[in-house]
Amino acid sequence: MATSSTATASLHLLLPTSRRRRLLVPRATHSDCTVDRRRFIAHTAAAVAPLVLPPVLWTPAARADDGPALSQWERVYLPIDPGVVLLDIAFVPDDPSHGFLLGTRQTILETKDGGNTWFPRSIPSAEDEDFNYRFNSVSFKGKEGWIIGKPAILLHTSDAGESWERIPLSAQLPGNMVYIKATGEQSAEMVTDEGAIYVTSNRGYNWKAAVQETVSATLNRTVSSGISGASYYTGTFNTVNRSPDGRYVAVSSRGNFYLTWEPGQPFWQPHNRAVARRIQNMGWRADGGLWLLVRGGGLFLSKGTGITEDFEEVQVQSRGFGILDVGYRSQDEAWAAGGSGVLLKTTNGGKSWVRDKAADNIAANLYSVKFLDDSKGFVLGNDGVLLRYLG
């Protein structure tokens with residue numbers, strides 16, 4: 001996010017310098033000069049008389065950080081401190097105009113008009129002088145909602161966010177909570193950065209493990225199975241994404257390999273990366289296939305749908321900046337966002353991408369692309385940058 005200022009515009013008329021030729025004319029007499037002077041004044045007056053300059057129209061000075069408007073996005077300015085990184089956004093299904101926006105530095109914002117304007121939301125149970133919470137994930141199902149953060153904090157609402165209660169958590173929770181999904185009445189699914197997946201059906205007072213071991217334990221058993229980079233695993237995920245049908249794909253902390261999990265599987269399944277560069281992020285396409293981002297700006301799409309290790313690269317104009325996330329609005333339209341305001345669009349499912357140059361003016365890294373439905377989408381970035389989809 002950049003500081004705005006007012007610039008004073010001024011108009012300069014620049015006359016080009018050119019080489020002047022010396023005109024050689026016969027010497028004239030005094031009478032000739034008098035006649036010529038009279039003729040010159042008369043001709044000059046006749047030539048200038050019809051020329052009427054239009055009035056100068058004053059226009060307001062533009063802000064220094066203003067640029068061309070985004071073709072299908074607008075920036076929403078937020079009442080938060082500079083330096084806040086926005087991390088997640090969700091709306092109440094029963095009231096699409098009511099939503100919550102999360103970020104670092106204990107940031108919780110609320111909207112009642114569909115995301116046009118936001119205001120800080122105070123939740124007393126989430127305010128602690130000893131901690132500076134990073135709120136990672138928010139999710140709603142009906143009026144049931146959940147928020148998780150780091151250090152470990154779990155908030156629950158059953159009245160669409162009008163009131164929130166803090167749910168106690170076990171001190172033995174493996175890893176930090178990075179993702180939560182509301183799945184039904186009093187039910188949710190939670191993931192930690194060490195690969196633990198838990199489900200609850202009683203408002204979070206009891207949780208049941210959906211996998212039998214953490215990723216580190218799985219790799220200790222499978223390190224001899226040919227997973228490249230498994231020995232360098234530091235025990236945590238870099239990113240994790242969930243498909244609408246409950247499948248997960250996660251990237252190892254160093255980007256050496258990736259892992260997948262499907263409901264019913266007892267363990268995460270590690271996969272070798274099929275690309276030379278380390279993986280930045282992975283997620284699910286609208287058709288059920290996978291997209292894969294590598295460090296340095298590369299974008300790959302899996303061949304076919306489902307879980308696979310077969311990918312092909314797609315050419316993108318990332319200007320050398322890393323692409324950090326992809327969000328699908330439909331099977332055909334998707335947007336990719338990344339460092340230094342990189343914003344790309346595809347209308348053919350990802351086969352080709354066009355850069356939205358108007359976003360180049362945004363001096364921020366864009367971390368997350370969220371489409372809540374085909375008409376409501378947001379891009380979240382650092383320095384409190386929030387873009388709203390206009391369609």
Side-chain angles (χ1 to χ4, degrees), residues 70-76 78 85-103 109 111 113-116 118 136-142 145-146 178-183 239-249 280-293 299 301-302 305 314 316 323-338 341-356 358-359 362 364-381 385-391:
L70 296 178
S71 59
Q72 291 179 272
W73 301 84
E74 69 172 359
R75 180 171 178 180
V76 180
L78 305 173
V85 179
L86 302 178
L87 297 174
D88 201 10
I89 188 171
F91 283 75
V92 180
D94 295 349
D95 183 3
S97 62
H98 187 197
F100 290 84
L101 178 62
L102 308 182
L109 301 177
T111 181
D113 60 7
N116 294 320
W118 297 82
N136 290 320
S137 182
V138 56
S139 179
F140 280 91
K141 181 79 171 181
W146 305 82
V178 293
Y179 179 82
I180 195 163
K181 174 69 175 180
T183 56
T239 63
V240 59
N241 281 297
R242 185 183 191 272
S243 71
D245 59 0
R247 295 176 294 167
Y248 283 94
V249 59
Q280 180 75 42
N281 195 4
M282 292 182 69
W284 303 92
R285 303 197 304 262
D287 64 359
L290 290 166
W291 52 261
L292 181 153
L293 305 175
L299 189 155
L301 299 178
S302 65
T305 60
V314 178
V316 293
I323 303 175
L324 303 178
D325 196 25
V326 176
Y328 274 76
R329 175 176 172 265
S330 64
Q331 287 203 14
D332 294 325
E333 182 181 331
W335 291 81
V342 168
L343 196 58
L344 307 163
K345 178 186 180 182
T346 179
T347 56
N348 54 16
K351 297 177 183 177
S352 61
W353 297 78
V354 177
R355 180 164 59 90
D356 189 339
I362 299 176
N365 295 327
L366 306 177
Y367 290 109
S368 178
V369 182
K370 299 277 187 180
F371 277 98
L372 308 171
D373 55 44
D374 59 0
S375 62
K376 183 175 293 184
F378 295 88
V379 175
L380 286 61
V385 169
L386 178 67
L387 307 181
R388 187 172 71 91
Y389 183 71
L390 298 177

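These numbers come from a predicted model, not from an experiment.
Within the model, atoms CZ of Arg247 and CG of Leu290 stand 7.5 Å from one another, a figure rounded to the nearest 0.5 Å. To the nearest 0.5 Å, atoms CG (Asn241) and OH (Tyr248) are separated by 10.0 Å.
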**Asked** Going through the checks in order, is the side-chain hydrogen bond (donor to acceptor under 3.5 Å, both in side chains) test met by Asp332 and Ser330?
**Response** CA-CA 5 Å; Asp332 294 325; Ser330 64; 5.3 Å; no

**Request:** In sequence, state the C-alpha distance, the side-chain angles, and the governing distance for Thr305 and Asp287, and then conclude on side-chain hydrogen bond (donor to acceptor under 3.5 Å, both in side chains).
**Result:** CA-CA 7 Å; Thr305 60; Asp287 64 359; over 6 Å; no

**Prompt:** Step by step, would you call Tyr367 with Leu380 a side chain to side chain contact (heavy atoms under 4.5 Å, CB included)?
**Reply:** CA-CA 6 Å; Tyr367 290 109; Leu380 286 61; 5.7 Å; no

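Considering all non-hydrogen atoms of both residues, Leu366 and Val385 come closest at CD2-CG1, 3.9 Å.
Classified by interplanar angle (parallel below 30°, tilted 30° to 60°, perpendicular above 60°), the ring pair Trp335/Tyr389 is perpendicular.
Considering only residues two or more places apart in sequence or on other chains, Leu372 meets the side chain to side chain contact (heavy atoms under 4.5 Å, CB included) condition with Phe91, Lys376, Phe378.
In this structure, Asp325 and Trp291 have side chains that are in contact, with non-hydrogen atoms separated by less than 4.5 Å. Using a 4.5 Å heavy-atom cutoff, the side chains of Ile362 and Leu387 are in contact.
Screening Ile323, Leu299, Asp356, Val326 for a side chain to side chain contact (heavy atoms under 4.5 Å, CB included) involving Leu344 leaves a single residue, Ile323.
A salt bridge links Asp88 with Lys370: the distance from a Lys NZ or Arg NE/NH1/NH2 to an Asp or Glu carboxylate oxygen falls below 4.0 Å.
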